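Remember, it's a predicted structure, so these values are computed and weren't measured experimentally.
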Amino acid sequence: MKIGELARRSGVKVETLRYYEREGLLPEPERSDGNYRVYRDAHAERLDFIRHCRALDMTLDEIRALLVCQDHPEHPCEDADALIEAHLGHVEQRIAQLSRLKAELERLRQRCAGHGTAGECGILNELAQPVGDVSGGGDAGVHVGGAHPRR
């Protein structure tokens, strides 16, 4: 199948497929006589695996490591288990950050009843103050991102 067909079948953009190839997540497909990429069912299956990992908020490095495990079915699965355990730890940290963020937003919401003017708004007045540590994770004012800490 050509790249457009694989993209449609998988629900992935053509640019994403090329990116996964450049990153080494998808193997280079064979080329037709007309120099078109020719994908096989194995590419679609691997892409499904990658998409499932992405849906679980895994990084490309994590996916790469899991693909190595998948490509060597005779190896012990302890690496895959350890990776998922570490990823779960990142997710738990994110949940804790999001819980603190939710509490802060609820506190902020209570500062305004929505009946006055913008000049009297407790939310806007509070937001005009210097930022404190709203995330509870030491990154004052930093948006809570994905499941992995910033490096």
Side-chain angles (χ1 to χ4, degrees), residues 1-109 114 118 121 123-124 126-151:
M1 75 187 92
K2 291 183 181 176
I3 195 167
E5 184 181 342
L6 178 61
R8 279 188 300 281
R9 175 177 165 178
S10 302
V12 172
K13 294 180 179 180
V14 168
E15 297 82 26
T16 303
L17 288 172
R18 290 183 180 139
Y19 176 71
Y20 288 161
E21 284 178 26
R22 283 192 309 273
E23 288 295 315
L25 298 175
L26 277 179
E28 281 273 331
E30 296 174 17
R31 296 282 182 155
S32 70
D33 291 338
N35 204 28
Y36 289 105
R37 291 174 168 95
V38 179
Y39 294 90
R40 306 283 179 222
D41 287 339
H43 288 96
E45 291 167 8
R46 192 169 181 98
L47 185 56
D48 288 341
F49 183 93
I50 293 167
R51 291 192 69 224
H52 194 161
C53 290
R54 293 296 294 147
L56 295 171
D57 205 27
M58 292 184 189
T59 66
L60 295 183
D61 286 339
E62 288 173 321
I63 296 168
R64 202 173 278 111
L66 289 172
L67 286 168
V68 168
C69 294
Q70 186 185 45
D71 290 343
H72 297 93
E74 72 282 0
H75 290 182
C77 64
E78 60 193 20
D79 289 345
D81 185 59
L83 188 144
I84 294 300
E85 187 67 31
H87 187 66
L88 185 57
H90 296 304
V91 170
E92 289 169 348
Q93 289 174 350
R94 184 175 179 205
I95 290 169
Q97 288 177 326
L98 288 170
S99 293
R100 290 188 293 273
L101 178 61
K102 180 181 181 230
E104 180 65 20
L105 288 169
E106 288 172 341
R107 185 191 68 74
L108 186 60
R109 183 178 57 194
C121 180
I123 292 173
L124 297 175
E126 178 73 18
L127 291 173
Q129 302 305 310
V131 68
D133 185 6
V134 296
S135 69
D139 293 326
V142 175
H143 182 76
V144 177
H148 300 279
R150 293 175 188 232
R151 297 197 196 288

message: Show, in sequence, the C-alpha distance, side-chain angles and deciding distance for D57 and V91, and conclude whether the side-chain contact (heavy atoms from CB on, under 4.5 Å) test is met.
response: CA-CA 9 Å; D57 205 27; V91 170; 5.9 Å; no

- prompt: Should I84 and M58 be marked as a side-chain contact (heavy atoms from CB on, under 4.5 Å) after you check the CA-CA gap, both sets of side-chain angles, and the distance that decides it?
  reply: CA-CA 9 Å; I84 294 300; M58 292 184 189; 3.2 Å; yes

- request: Take L83 and D79 through the side-chain contact (heavy atoms from CB on, under 4.5 Å) test and state the conclusion after the steps.
  value: CA-CA 6 Å; L83 188 144; D79 289 345; over 6 Å; no

message: Run the salt bridge (Lys or Arg N to Asp or Glu O under 4.0 Å) test on R100 and E104 for me, step by step, so that the C-alpha distance in whole Å, both residues' side-chain angles and the decisive distance to 0.1 Å come before the verdict.
response: CA-CA 6 Å; R100 290 188 293 273; E104 180 65 20; over 6 Å; no

task: Dump the intermediate steps for salt bridge (Lys or Arg N to Asp or Glu O under 4.0 Å) on D61 and R64, then the final yes or no.
output: CA-CA 5 Å; D61 286 339; R64 202 173 278 111; 2.7 Å; yes

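At least one side-chain heavy atom of L108 sits under 4.5 Å from a side-chain heavy atom of L127. Taking 4.5 Å as the limit, every side-chain heavy atom of V38 sits out of range of all side-chain heavy atoms of M1. Counting only heavy atoms from C-beta outward, the side chains of Q97 and Q93 never approach each other to under 4.5 Å. With contacts defined as side-chain heavy-atom distances shorter than 4.5 Å, the pair Q70/L66 does not qualify.
Here the closest non-hydrogen pair linking A80 and C69 is N-SG, 3.9 Å. Of all heavy-atom pairs between V14 and I3, the closest is CG1-CD1, 3.7 Å.
Separation of atoms CG (L6) and NE2 (H43) is listed at 8.0 Å; rounding is to 0.5 Å. A distance of 12.0 Å separates CG of L26 from CZ of F49, quoted to the nearest 0.5 Å. Atoms CG and CD1, on L105 and I123 in that order, are 9.5 Å from each other to the nearest 0.5 Å.
Without hydrogens or angle criteria, Q129 side chain to E126 main chain gives no donor-acceptor distance under 3.5 Å.
Each side chain to side chain donor-acceptor pair (under 3.5 Å) pair with one or both residues in residues 1-18, not counting sequence neighbours, appears once here: R9-D41.
Taking a 6.0 Å sphere around CD of E85, one finds it holds 12 or fewer heavy atoms contributed by other residues, nucleotides or ligands.
Ring geometry for H72 versus H75: interplanar angle under 30°, hence parallel rather than tilted (30 to 60°).
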Would you mind writing out the side-chain donor-acceptor pairs for residues 30-37 within the sub-3.5 Å range, not counting sequence neighbours?
unit_1, atom_1, unit_2, atom_2, d
E30, OE1, R40, NH2, 3.1
R31, NH1, N35, O, 2.9
S32, OG, G34, N, 3.2
S32, OG, N35, N, 3.4
S32, OG, Y36, N, 3.0
R37, NE, E21, OE1, 3.1

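Shown here are the side-chain contact (heavy atoms from CB on, under 4.5 Å) partners of R54, two or more places apart in sequence or in another chain: Y20, I50, L60, I63.
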